[in-house]
Amino acid sequence: QVQLVESGGGLVQAGGSLRLSCAASGRTFSSYNMGWFRQAPGKERDFVAAITRSGDRTYYVDSVKGRFTVSRDNAKNTVYLQMNSLKPEDTAVYYCAAARRDYGLGSLYNYDYWGQGTQVTVDS
């Protein structure tokens with residue numbers, strides 16, 4: 001069992017930055033691939049970024065490439081999402097998730113545990 005708690009969301013002006021954190025409980029954090037997803041009102045939950053167990057590989061949706069960076073610190077049981085050059089269309093609730101699987105990290109159906117989400121609002 002893994003419990004995930006996101007933090008770092010808030011209101012920011014377009015062009016600004018935020019850093020989301022996701023703290024995991026338990027001793028097995030390093031055995032999970034981690035992902036970030038987001039859900040805007042009335043829309044489906046969409047993939048944003050993922051990072052492998054060791055952090056050696058990262059994946060991004062095209063719309064955030066060059067602006068967002070996912071990283072992790074296994075010693076602190078924490079995964080991060082650094083978001084720069086934010087746009088109004090980035091407004092959503094952001095969720096972190098943990099996956100045992102090594103494939104399909106872009107699909108929410110391949111994740112086993114989810115956090116409660118943190119709101120990010122980008123004001124134009």
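Nothing here was measured: the structure is a model prediction, and the numbers come from that model.
Residues meeting the side chain to side chain contact (heavy atoms under 4.5 Å, CB included) test with Ser124, sequence neighbours left out: Pro88. In this structure Ala40 satisfies the side chain to side chain contact (heavy atoms under 4.5 Å, CB included) test together with Lys43, Ala92, sequence neighbours excluded. Not a single ring-ring contact (aromatic ring centres under 6.0 Å, His included) links Tyr80 to another residue, sequence neighbours left out. Scanning for ring-ring contact (aromatic ring centres under 6.0 Å, His included) contacts around Tyr95 gives an empty result, with sequence neighbours left out. Residues satisfying the side chain to side chain contact (heavy atoms under 4.5 Å, CB included) criterion with Ser107, sequence neighbours excluded, are Tyr109, Asn110.
Side chains of Trp36 and Met83 form no contact here, defined as non-hydrogen atoms less than 4.5 Å apart. Annotation: side chain of Val61 is not in contact with side chain of Asp46 (no heavy-atom distance under 4.5 Å). When side chains are defined from C-beta on, Phe68 counts as touching Leu81, because their heavy atoms get closer than 4.5 Å. Side chains of Arg53 and Asp102 form a contact here, defined as non-hydrogen atoms less than 4.5 Å apart. Using a 4.5 Å heavy-atom cutoff, the side chains of Met34 and Leu105 are not in contact.
We find the CG-OG distance between Asn77 and Ser30 to be 7.5 Å, quoted to the nearest 0.5 Å. If you take CD on Gln119 and CG on Leu11, they are separated by 9.5 Å, rounding to the nearest 0.5 Å.
Among residues at least two apart or in separate chains, salt bridge (charged side-chain N to carboxylate O under 4.0 Å, His left out) pairs with a member in residues 108-124 are Arg100-Asp112, Arg101-Asp112. Residue pairs meeting the ring pair (Phe, Tyr, Trp, His ring centres under 6.0 Å) criterion with at least one member in residues 41-63, sequence neighbours excluded, are Phe37-Phe47. Among pairs with a residue in residues 9-18, none fulfils salt bridge (charged side-chain N to carboxylate O under 4.0 Å, His left out), at least two apart in sequence or across chains. Sorted by first and then second residue, the salt bridge (charged side-chain N to carboxylate O under 4.0 Å, His left out) pairs with a member in residues 79-94 read Arg38-Asp90, Arg67-Asp90; sequence neighbours excluded. Within the structure, disulfide bond (SG atoms under 2.5 Å apart) pairs that include any residue of residues 27-65 do not occur (at least two apart or interchain). Applying the disulfide bond (SG atoms under 2.5 Å apart) rule to pairs touching residues 28-67 yields nothing, sequence neighbours excluded.
Considering all non-hydrogen atoms of both residues, Val70 and Ala50 come closest at CG1-O, 3.5 Å. Nearest heavy atom pair, residue Thr78 against residue Ala23, reads OG1-CA, 4.2 Å. Closest non-hydrogen pair, Gly9 versus Val120, comes out as CA-CG2, 4.1 Å. Heavy atoms only, all atoms of each residue included: Thr52 and Asn33 are closest at CA-OD1, 3.2 Å.
The aromatic rings of Tyr32 and Tyr113 sit perpendicular, their planes meeting at an angle over 60°, well past the 30° parallel limit.
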Considering only distance and modelled atom types, tabulate donor-acceptor pairs under 3.5 Å from the side chains of residues 15-22, sequence neighbours left out.
residue	atom	partner	partner atom	Å
Ser17	OG	Asn84	OD1	2.9

| said: If you apply the rule side chain to side chain contact (heavy atoms under 4.5 Å, CB included), what do you find for Phe29 with Val2, and how did you get there? | reply: CA-CA 8 Å; Phe29 175 73; Val2 176; 5.7 Å; no

